[in-house]
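Some notes on the structure that comes next.
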Amino acid sequence: VKAEILSIGTELLLGSILNTNARFLSQKLAESGVDVYRQTSVGDNVGRIAEAFAEALRRSDAVVASGGLGPTKDDVTLEGLARFLGRPLAVHQPTWRHIKQRLESRGYKMTSLSGRQCRLPVGAIVFPNPVGTAPALLCETVFEGRKKWIAVFPGPPQELEPLFKPVLTTLLRRANVRPEHFIKRTIRISGLLEIDVARKVPDLLKSRPPLTVGIYAKPGEVELAVMSKHVSRAKALAAADRVEKTVRRRFGADVYGVDNETVASALGALLRKKKSTLSIAESCTGGLASDLLSDVSGSSDYFAGSLVAYSNRIKEDLLGVAEEVLKKHGTVSPQTAWLMAKNVRQVFGTGYGIAITGIAGPSGGSVKKPVGLVYIALSSPRKITVHENRFYGTRAEIKSRAARMALDLLRRALLKNF
Ligand code: ATP
Ligand code: MG
C-alpha cells in the first residue's frame, strides 16, 4: 500500500507545535513496510480537510491522519471526514458510554460538547482510546473506482501512539497485504566527505525497493542508511547484511560502526578487547572528549579519567610540560601536544593517552596559527604520534569536531596495532 500522512491542526500551520506525529507515523509505517509518499498539514477547517483527504486518495491507497478529534468546536476532523466520505455522522453508542464513564469516574458530567466526540461517520471501525476520550477510526471507502482506507488518530501523541498498532494491523488485513518486515541499518563512516563516500558506492545508491540505500551527511561523519523490506524477516536481514559487508569491504577502517554505535563506543570496544586503558589531557575541548567516552555505559572498564589542562600553569604543574617548550613553541604546537600525550599516560598509569590542544576561536587566532588549528597527540607504550588538524565552524563546532577526531584517530591507530 501507498500511504500519505495528513496532519490536521491550525496550531501546526501557525508553528505553535512541532509535528512529531508525522515523524512517528512515518517511522512506524516504514517499519511495517508501508511506503509513505507524502506528508501534508492542513488547518482545522471542514472544507480544506475534506479536500485534503480527496487529494491524498487520488494519489495513494491510504491516508493516515491525526488531530482535530477533540470535543471543542474548533476540532472538525470528523465533519471533514464525513463530508469527504459523503456519509452522515451518527452517535456511536459504545463510544458514548466510554466517554461518559471516563468523565464520570473523574467527577465530570457529560456535556453536549463531549457528545460531539461520539458522533462518528457511519460505517467506521472504532478503536477505543485507552488514555483519552476520542477514539481512533478506520474507514473503508471506494473512491474513483478503487478501494481506499482512511485512519484517523487523536492529536496528543500519548493518545495516538498506543492506538497505532491495532489500527494499522486492521488496515493491512483489510487491504489484504501481508505485513512486510522493514530493516533499517545505518552504516557510519568517519573521516570522509559525502561526495567521496558517494563516489565509492554509486551502484548501491541506485538500488531500488525492496532494498534502498540513502546517504546523509552528519556533523563529522557520513551515514549510509540501508533499508530492506521483505515478508520474511530473515531475508530482509540477509539483504541488509550483504550491503553492510560490501560497504565494509570498500571502506575498511573508515566504517566505525552501525546503528547506535558511536566513535566513542567503537574505540571503547577496541580498548576492552585489548584489555587496555585510556586517559586524556584536554585543553581546547574542555572535557568534551571525556564526555563522549563517558556517554558509553561501562566505559569505566577502560576509561581511567582525564585532565582538563586548560591553563599553561596546569599543563606545567600537573602534566609536566616544560615552561621552555610552552614559551618556545606555544601552547598550540605539536611539541606541547606530544608532551601532554606522553605525560598524561604516565600520570594516569594507562595503556594509552590522548592529548588535545588547539584554538577553538573565535578569538585567539593568528596567521601562523589560525582559529581551528588543533593538535591531537596519541601515546602508547611504544610510540607517540602527533596529528595536525584544521577544523572550521563555530567555537562549539570546532570543539566537538576536535573531540570526535581525537577518539577516531586513536580508534584507527588501535586497528593498526599502535
Ligand atoms: P484534544 O482532544 O486534546 O483537543 P485532538 O485530537 O483534537 O485532541 P488537536 O486539538 O489537533 O487534537 O491537538 C491537541 C494537542 O495534541 C495539541 O495541542 C498538541 O499538543 C498535540 N498534537 C496535535 N497534533 C500534533 C502533531 N501533529 N504532532 C504533535 N503533537 C500534536
Ligand atoms: Mg483539539
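Here the structure is a predicted model, which is why all the values come from computation and not from measurement. All values below were derived from every heavy atom in this structure, side-chain atoms included, with hydrogens, water molecules and symmetry-related copies excluded. Atoms within each ligand, like the ligands themselves, are counted from 1 in listed order.
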Exercise. Apply the test ring-ring contact (aromatic ring centres under 6.0 Å, His included) to residues Phe84 and Phe143: give CA-CA distance (whole Å), side-chain angles for both, the deciding distance (0.1 Å), then the verdict.
Key: CA-CA 10 Å; Phe84 165 72; Phe143 182 61; 5.1 Å; yes
Within the structure, does [X] bring an N/O atom to less than 3.5 angstrom of an N/O atom in ligand 1?
X      : value
Pro71  : no
Ser7   : no
Gln117 : no
Leu12  : no
Asp44  : no

Nearest-option assignment for [atom], heavy atoms, candidates [options]:
atom                    : options               : result
atom 31 (C) of ligand 1 : Ala22, Gly155, Gly132 : Gly155
atom 1 (P) of ligand 1  : Gly67, Gly70, Ser41   : Gly70
atom 11 (O) of ligand 1 : Gly68, Ala134, Gly9   : Gly68

Heavy-atom nearest neighbour in the protein, as seen from [atom], with distance rounded to 0.1 Å:
atom                    : answer
atom 3 (O) of ligand 1  : Pro156 CG, 3.6 Å
atom 10 (O) of ligand 1 : Asp75 OD1, 3.1 Å
atom 25 (C) of ligand 1 : Asn21 ND2, 3.2 Å
atom 17 (C) of ligand 1 : Glu11 OE1, 3.3 Å
atom 27 (N) of ligand 1 : Asn19 OD1, 2.8 Å

Kindly check if the number of other-residue, nucleotide or ligand heavy atoms within 6.0 Å of [atom1] ([X]) is above 12?
X      : atom1 : result
Arg313 : CZ    : no
Arg58  : CZ    : yes
Arg48  : CZ    : no
Lys100 : NZ    : no
Lys274 : NZ    : yes

Quiz prompt | Leu160 to ligand 1, any heavy atom closer than 4.0 Å | solution = no
Self-check item: Qualifying residues under ring pair (Phe, Tyr, Trp, His ring centres under 6.0 Å), relative to Tyr302, sequence neighbours excluded
Solution: none
Quiz item: How about Tyr352 and Thr277: do any of their side-chain heavy atoms sit closer than 4.5 Å?
Solution: no
Quiz item: Under 2.8 Å from the Mg ion (ligand 2), protein N/O/S atom count?
Solution: 2
Quiz item: Does some non-hydrogen atom of the protein lie less than 4.0 angstrom from atom 20 (O) of ligand 1?
Solution: no
Quiz item: What's the shortest heavy-atom distance between Ala253 and Arg411, and which atoms?
Solution: O-NH2, 2.7 Å
Practice problem: Compute both the distance and the angle, then confirm whether Lys229 meets the cation-pi test with Phe182: under 6.0 Å from the six-membered ring centre, within 45 degrees of the axis. | Solution: no
Quiz item: Under 6.0 Å between ring centres, would you say that holds for Phe24 and Phe164?
Solution: yes
Practice problem: Scan for side-chain hydrogen bond (donor to acceptor under 3.5 Å, both in side chains) pairs involving residues 73-85, sequence neighbours excluded, and state none if there are none. | Solution: Thr72-Asp74, Thr72-Asp75, Glu79-Arg116
Quiz prompt | Leu18: numbered ligand 1 atoms lying under 4.0 Å from its heavy atoms | solution = 28 (N), 29 (C)
Quiz item: How does Thr20 reach ligand 1, by side chain, by backbone, by both or by neither, if only non-hydrogen atoms under 4.0 Å count?
Solution: both
Exercise. Sequence neighbours left out, what passes side chain to side chain contact (heavy atoms under 4.5 Å, CB included) with Ile125? Give chain and number order.
Key: Phe127, Leu138, Thr170, Arg174
Practice problem: Please report the C-alpha distance between Leu163 and Asn129 in whole Å, then the side-chain angles of each, then the deciding distance to 0.1 Å, and finally whether the side-chain contact (heavy atoms from CB on, under 4.5 Å) criterion is met. | Solution: CA-CA 7 Å; Leu163 286 163; Asn129 185 333; 4.2 Å; yes
